[in-house]
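The block underneath contains the structure these notes are about, expressed in structure tokens.
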Amino acid sequence: MKKFENILCEFPYRGHPHIALVSLNRPKVLNALSTALMQDVIDCFFMLEDNTDVRVIILTGNDKAFAAGADIAEMVEATPIHQIQENRFRSWKQIPLITKPIIAAVNGFALGGGCELAMSCDLIIASDTAKFGQPEIKIGTIPGAGGTQRLTRALGKSKAMYHILTGDMLDAHDAEKAGLVAKVVPTESLMNETFECAKLIANKAPVAIKLAKEAVNAAFESPLKEGLEFERRNFYLTFASQDQKEGMRAFLEKREPDYKGN
Ligand code: HXC
């Protein structure tokens with residue numbers, strides 16, 4: 001497994017043949033998302049995408065922070081032209097190209113780019129002490145990696161406006177009530193619960209999982225009529241897989257399915 005400077009990558013995670021763990025690893029600066037760290041994240045995601053054994057990716061931070069935002073020290077003197085020249089969001093824009101499900105396991109702060117990174121994953125499981133927020137307004141800027149769009153879709157206009165214009169954080173329970181977070185769990189069981197969720201996904205037919213992920217994401221990007229059509233086509237497509245036959249036969253034969261990923 002390749003070594004990265006700013007993240008840790010573990011596969012197989014906990015001995016599971018289909019689950020990988022990626023941990024952000026700049027603890028001294030609360031996992032501030034430098035350009036180099038984000039490049040590591042996307043390089044690692046693509047490495048796991050290309051590994052046919054991997055079915056689910058978990059992305060996490062540490063006890064204090066998932067990530068406290070983009071690296072302010074790196075950005076403070078930036079100019080718009082410099083950011084355009086260096087294509088600041090290059091790695092971020094590639095996250096949607098990952099077809100395997102990515103679960104964010106969030107402990108502590110998920111702020112600014114950290115909240116945006118969690119929201120770029122497919123689902124979020126949070127510890128009961130997690131804190132989400134877009135505090136950019138407090139440092140004279142605004143979210144830049146999707147916060148105004150994804151938080152608004154998750155919370156609705158008024159709540160998103162409140163959090164983005166004040167910089168106030170949301171606690172894990174409010175985030176769950178609003179639908180930003182799939183599940184809130186006690187801090188000490190965050191990784192166990194996330195692993196259980198990853199196992200539930202990893203033991204399903206991998207092609208159907210990818211098609212389902214793609215169809216849910218289409219709900220954010222298309223009008224209902226187009227989204228329904230997209231879903232219908234992906235539904236038909238699952239019937240080209242051996243795993244669909246296996247899943248339905250196993251149900252009728254009252255046994256566990258044995259999915260091969262084809
Ligand atoms: C660089 C950061 C950082 C960040 C924390 N640190 N967040 N460094 N960029 N985003 C560093 C601190 O400078 C400090 O370094 C160390 O991490 C510990 O942080 P403290 O502030 O001492 O911790 P604490 O008092 O517990 O406060 C935690 C905190 C606070 C509330 C999360 O650190 C904070 O407000 N951080 C900034 C949050 C933020 O504004 N995020 C948005 C960034 S802009 P030293 O060397 O002093 O020990 C953004 C735009 C995204 O994300 C655009 C798209 C990419």
Side-chain angles (χ1 to χ4, degrees), residues 4-8 22-45 59-98 102 104-121 124 126-155 159-172 174-175 180-181 187 190 220:
F4 296 90
E5 208 173 308
N6 302 287
I7 61 170
L8 302 170
V22 180
S23 306
L24 307 175
N25 191 30
R26 294 184 79 208
K28 287 191 185 138
V29 286
L30 308 186
N31 291 332
L33 305 170
S34 60
T35 306
L37 180 146
M38 284 307 300
Q39 192 60 51
D40 282 355
V41 168
I42 199 67
D43 288 348
C44 182
F45 280 179
L59 178 67
T60 196
N62 57 44
D63 289 354
K64 180 145 189 207
F66 177 75
D71 192 327
I72 299 170
E74 189 182 79
M75 281 186 304
V76 57
E77 302 302 341
T79 67
I81 298 303
H82 178 232
Q83 296 187 76
I84 292 166
Q85 283 169 335
E86 68 168 17
N87 196 357
R88 167 173 288 286
F89 294 102
R90 192 175 76 164
S91 46
W92 292 86
K93 285 191 273 189
Q94 295 178 71
I95 297 174
L97 302 179
I98 303 298
I102 307 172
V106 175
N107 218 347
F109 297 110
L111 301 179
C115 186
E116 291 167 316
L117 181 58
M119 291 191 293
S120 300
C121 296
I124 301 174
S127 83
D128 51 11
T129 52
K131 297 234 183 290
F132 296 84
Q134 299 290 161
E136 289 90 342
I137 205 72
K138 294 186 188 171
I139 54 170
T141 185
I142 70 168
T148 60
Q149 306 304 299
R150 292 202 175 93
L151 199 69
T152 305
R153 281 169 164 79
L155 306 187
K159 277 182 193 286
M161 202 63 99
Y162 172 79
H163 289 286
I164 289 168
L165 300 191
T166 64
D168 260 16
M169 297 183 217
L170 279 107
D171 68 30
D174 286 343
L180 177 68
V181 156
T187 301
L190 176 66
F220 287 94

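Heavy atoms only: backbone and side chains are in, while hydrogens, waters and symmetry mates are out. Each ligand, and each atom within it, is numbered from 1 in the order the structure gives.
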- Message: Between Asp71 and Arg26 (salt bridge meaning N to carboxylate O under 4.0 Å), is one present in this structure?
- Response: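 Looking at Arg26 together with Asp71, the answer is yes, because their closest N to O distance falls below 4.0 Å.
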Test of proximity, [X] against ligand 1: N or O pairs below 3.5 Å:
X      : value
Met169 : no
Pro135 : no
Ile72  : yes
Phe109 : no

Protein heavy-atom contact under 4.0 Å for [atom]?
atom                    : answer
atom 47 (O) of ligand 1 : no
atom 13 (O) of ligand 1 : no
atom 38 (C) of ligand 1 : yes
atom 20 (P) of ligand 1 : no

What protein heavy atom is closest to [atom], reported as residue, atom name and distance in Å?
atom                    : value
atom 35 (O) of ligand 1 : Leu111 CD1, 4.8 Å
atom 26 (O) of ligand 1 : Lys64 NZ, 2.7 Å
atom 41 (N) of ligand 1 : Ala68 O, 2.9 Å
atom 18 (C) of ligand 1 : Leu30 CG, 3.9 Å
atom 54 (C) of ligand 1 : Phe89 CE2, 3.4 Å
atom 15 (O) of ligand 1 : Lys28 O, 4.2 Å
atom 11 (C) of ligand 1 : Val29 CA, 3.8 Å

- Message: Testing Asp171, Thr187, Val106, Asp63 one by one against Thr129 for a side-chain contact (heavy atoms from CB on, under 4.5 Å), which residue passes?
- Response: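 That would be Thr187; it is the only one of Asp171, Thr187, Val106, Asp63 passing the side-chain contact (heavy atoms from CB on, under 4.5 Å) with Thr129.
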Side chain of [X], backbone of [Y]: donor and acceptor closer than 3.5 Å?
X      : Y      : result
Glu116 : Ala145 : yes
Asp40  : Asn6   : yes
Ser127 : Leu190 : no
Gln94  : Ile42  : no

Are any non-hydrogen side-chain atoms of [X] and [Y] less than 4.5 angstrom apart?
X      : Y      : answer
Ile7   : Leu24  : yes
Arg90  : Gln39  : yes
Arg150 : Ser120 : yes
Arg88  : Met38  : no
Ile137 : Ile164 : no
Ile95  : Leu117 : yes
Phe109 : Asn31  : no
Asp174 : Phe132 : no

Under 4.0 Å from any heavy atom of [X], which atoms of ligand 1 are there?
X      : result
Ala145 : 54 (C)
Glu136 : 44 (S), 49 (C), 50 (C), 51 (C), 52 (O)
Asp71  : 1 (C), 9 (N)

- Message: Once you restrict to heavy atoms under 4.0 Å, what part of Ile139 touches ligand 1? Side chain, backbone, both or neither.
- Response: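 Under 4.0 Å from ligand 1, Ile139 contributes side-chain atoms alone.
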Is [X] close enough to touch ligand 1? Criterion: a residue heavy atom under 4.0 Å from a ligand atom.
X      : answer
Met75  : yes
Arg88  : no
Lys138 : no

- Item | Selected option - heavy-atom contact closest to atom 52 (O) of ligand 1, from Ala32, Gly113, Ala65, Ala110 |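 Ranked by closest heavy atom to atom 52 (O) of ligand 1, first place is Gly113.
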